[in-house]
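The chain is numbered in sequence order, starting from 1. Not measured: the values here are computed from a predicted model.
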Amino acid sequence: MARRFLHPMIRNLEPANREMDKIVRSNFAVYANGVRHSRQDSPDYLTLNNQIEEARIASQELEAKRSTIAEKLARKERKKEKKRKKLREQGGAGDDDDMAEALEAVEARDPVSLAGPSTRDLDVEAEERRAEEQRKRTRDPPVVYRDIDGVQEFEAFSKTLEGVELTAEEKQSLEELQQYLVQGEGSWVLGDEFLSFIGRILSDPSIKTSSRCGVLRCLAASALKDDVSLLLHQDRRQHALLGYAHSIDMLPLDEQRALGLFMCNLFENTSSSEWLLYISEWEFKGVALSNIRVTTKVCVQCMLSDQTDLREFGTALLYNIASKEVKTVVFDEVCVELAMAALQLTQYEPAEEHLWRTLTALARLAQHSSEVPQLIAIVGPDPSSYRGRSPRIDEQIDIIMKKVK
């Protein structure tokens, strides 16, 4: 298991558990960065995984482009209506302007209407995937935190910036965030420099922790909006969000809490939750990372914290990740990593809600990966030892034991 994902609390295991850990690492040969060196995957399998990821990204990009065009058309219509109203007040007529804007609107629709067959196929696949995801969500809703007010969070964040010298572009980005969270505009109001502004808040050492917590809570409120994925996909160049999240083990506790809240709320929408689980690698400060690995690190760090509120977010992330099904080599490795952390957590006698989430996640991870049942059998503790805590926990234990046997 990747040591960099382990919380310091794990190092305090009893000698017997440490010996079991050696056995597991010997059996599964999982080393740094979660890579299994003892098993090489076939080129065809890796190619298929890459093609699946490319198709998913292409589908997300198409959806983002369509949403952007729709927002632009809506904005143009509002401007046109204002111009009509102004002309009527002045006693004039705006037929020529209306005709010109109508032509512009038609031209704006052409890129979507002229999409080729491959684009339509991707669109159909995306629709089917969304329908299946909605069925899963109805049956098994994610754990998110909706009791967060975007208006209040923006006001609190703005106050923390008093005394901070902002550039003209950063002031504009702050105004755009207000339009998005307070005035209810779509994510199209967030300009090209918005993520640069977020990146500075998260990385500038001269900026207070309260400001970083404030912007993360604003993002947590934004995550509940169905168009937040447009913002996330703009972060492919800078990786301001997940680059910051990767350093969670070095952040103050308040920032860890705000970050955990933000990442949990990203599971509110299908597109943003999928963004968290992308397997494509990217480089950040000389380190090769991927969205799914950063998400896993945040999950494990929060789960194994001795702070109850961080365990709340960590077990929620674990539950949400395990509810997804990503058929890739990387996800198989993540399953083992998350299962190991989940087994460690059960030894600390967590609250009933946290234990239920953990055992539910273990049951699902055991279904995703054939290595997880073996891991449970070798490492322990025996899930059956938690029987009697509640009927729903007993139900998950039954599912796990069927896989282990």
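Side-chain contact, S196 with Q238: a donor N or O sits under 3.5 Å from an acceptor N or O. For D227 and W188, the side-chain atoms include no donor-acceptor pair closer than 3.5 Å.
Residues satisfying the salt bridge (Lys or Arg N to Asp or Glu O under 4.0 Å) criterion with D226, sequence neighbours excluded, are absent altogether. With sequence neighbours excluded, the residues that form a ring-ring contact (aromatic ring centres under 6.0 Å, His included) with Y145 are F313. For S206, the side-chain hydrogen bond (donor to acceptor under 3.5 Å, both in side chains) test picks out D204, with sequence neighbours left out. Annotation: ring-ring contact (aromatic ring centres under 6.0 Å, His included) contacts of Y319 (sequence neighbours excluded): W356. Judged as a ring-ring contact (aromatic ring centres under 6.0 Å, His included), and not counting sequence neighbours, F157 has no contacts. Taking H354 as the reference, nothing meets the ring-ring contact (aromatic ring centres under 6.0 Å, His included) condition, with sequence neighbours excluded. Partners of D235 according to the side-chain hydrogen bond (donor to acceptor under 3.5 Å, both in side chains) rule, which considers only residues two or more places apart in sequence or in another chain, do not exist here. For E170, the salt bridge (Lys or Arg N to Asp or Glu O under 4.0 Å) partners at least two apart in sequence or on another chain are R200. Applying the side-chain contact (heavy atoms from CB on, under 4.5 Å) test to E169 and every residue at least two apart in sequence or in another chain returns T167. Partners of R392 by salt bridge (Lys or Arg N to Asp or Glu O under 4.0 Å), not counting sequence neighbours, listed by chain and number: E352, E353. Every residue two or more places apart in sequence or in another chain that forms a side-chain contact (heavy atoms from CB on, under 4.5 Å) with A342 is listed here: M303, L318, T358, L362. In this structure, the side-chain contact (heavy atoms from CB on, under 4.5 Å) partners of S384, at least two apart in sequence or on a different chain, are D382, R387, I397, M401.
Atoms NZ and CG, on K225 and L230 in that order, are 11.0 Å from each other to the nearest 0.5 Å. Atom CG of L232 is separated from atom CH2 of W275 by 5.0 Å, given to the nearest 0.5 angstrom. Separation of atoms OG (S323) and NE2 (H368) is listed at 7.5 Å; rounding is to 0.5 Å. Note that OG of S390 is 7.5 Å distant from CG of L355, once rounded to the nearest 0.5 Å. Rounding to the nearest 0.5 Å gives a distance of 13.5 Å between OG of S211 and NZ of K159. In this structure, OG on S305 lies 11.0 Å from OH on Y348, to the nearest 0.5 angstrom.
E281 has no carboxylate O lying under 4.0 Å from a charged side-chain N of R293, or vice versa, which leaves the two without a salt bridge. Taking 4.0 Å as the cut-off between side-chain N and carboxylate O, R212 and D254 do not count as a salt-bridged pair. Contact check on R357 versus E312 returns a salt bridge, with a Lys/Arg side-chain nitrogen under 4.0 Å from an Asp/Glu carboxylate oxygen.
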Fill in: side-chain hydrogen bond (donor to acceptor under 3.5 Å, both in side chains) evaluation trace for T209 with E255
CA-CA 7 Å; T209 287; E255 291 183 38; 3.1 Å; yes

Practice prompt. In sequence, state the C-alpha distance, the side-chain angles, and the governing distance for R236 and H239, and then conclude on side-chain hydrogen bond (donor to acceptor under 3.5 Å, both in side chains).
Written response: CA-CA 6 Å; R236 286 182 179 160; H239 299 290; over 6 Å; no

Discussion item. Go through it in stages, so that I can follow the logic: the residues are L310 and C302, the test is side-chain contact (heavy atoms from CB on, under 4.5 Å), and I'd like the CA-CA distance, side-chain angles, deciding distance and then a yes or no.
Written reply: CA-CA 5 Å; L310 278 176; C302 292; 4.0 Å; yes

Worksheet entry | Candidate pair I198 and Y244, rule side-chain contact (heavy atoms from CB on, under 4.5 Å), full reasoning | CA-CA 10 Å; I198 298 296; Y244 167 81; over 6 Å; no

Worksheet item: side-chain contact (heavy atoms from CB on, under 4.5 Å) between V300 and L338: does it pass, once the steps are laid out?
Response: CA-CA 7 Å; V300 173; L338 291 174; 4.1 Å; yes

Worksheet item: Should I321 and C299 be marked as a side-chain contact (heavy atoms from CB on, under 4.5 Å) after you check the CA-CA gap, both sets of side-chain angles, and the distance that decides it?
Response: CA-CA 9 Å; I321 295 170; C299 175; 4.2 Å; yes

Item to complete: Given side-chain hydrogen bond (donor to acceptor under 3.5 Å, both in side chains), test S273 with K324 step by step and report yes or no.
Response: CA-CA 9 Å; S273 64; K324 298 295 210 177; 2.8 Å; yes

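At a threshold of 4.5 Å between non-hydrogen side-chain atoms, the residues D394 and Y386 do not count as touching. When side chains are defined from C-beta on, Y180 does not count as touching E185, because their heavy atoms never get closer than 4.5 Å. For the pair R311/Q307, no side-chain contact is recorded, criterion being any heavy-atom separation below 4.5 Å from C-beta on. The shortest distance between side-chain heavy atoms of F154 and L177 falls below 4.5 Å. A heavy-atom distance below 4.5 Å is found between the side chains of T315 and L345. L276 is not listed as a side-chain neighbour of N320, based on a closest heavy-atom distance of 4.5 Å or more. Using a 4.5 Å cut-off on side-chain heavy atoms (C-beta onward), I399 and Q396 make contact. The shortest side-chain heavy-atom distance between L343 and V379 falls under the 4.5 Å cut-off.
Between the D249 side chain and the Q301 main chain, no donor and acceptor come within less than 3.5 Å of each other. Listed for the K403 side chain is no donor-acceptor partner under 3.5 Å among the backbone atoms of P373. No donor-acceptor pair closer than 3.5 Å links the side chain of S369 to the backbone N or O of L365. Looking at N269, its side chain never comes within 3.5 Å of a backbone N or O of S272 through a donor-acceptor pair.
Nearest heavy atoms, V372 versus C335: CG2-O, 4.0 Å. Contact between L259 and A245 at its shortest, heavy atoms only, is CD2-CA, 3.7 Å. Shortest non-hydrogen contact noted between G191 and Q234 is O-OE1, 4.1 Å. The two atoms that bring P383 and I400 nearest to each other are CG-CG2, 3.9 Å, heavy atoms only. Here the closest non-hydrogen pair linking A240 and G199 is CB-CA, 3.9 Å. Annotation for I279 and S290: closest pair O-CB, 3.6 Å, computed over non-hydrogen atoms.
Partner of M263 under the side chain to side chain contact (heavy atoms under 4.5 Å, CB included) criterion, chosen from L219, I248, L317: L317.
Under a cut-off of 6.0 angstrom, the local environment of CD in E349 is sparse, with at most 12 non-hydrogen atoms contributed by other residues, nucleotides or ligands.
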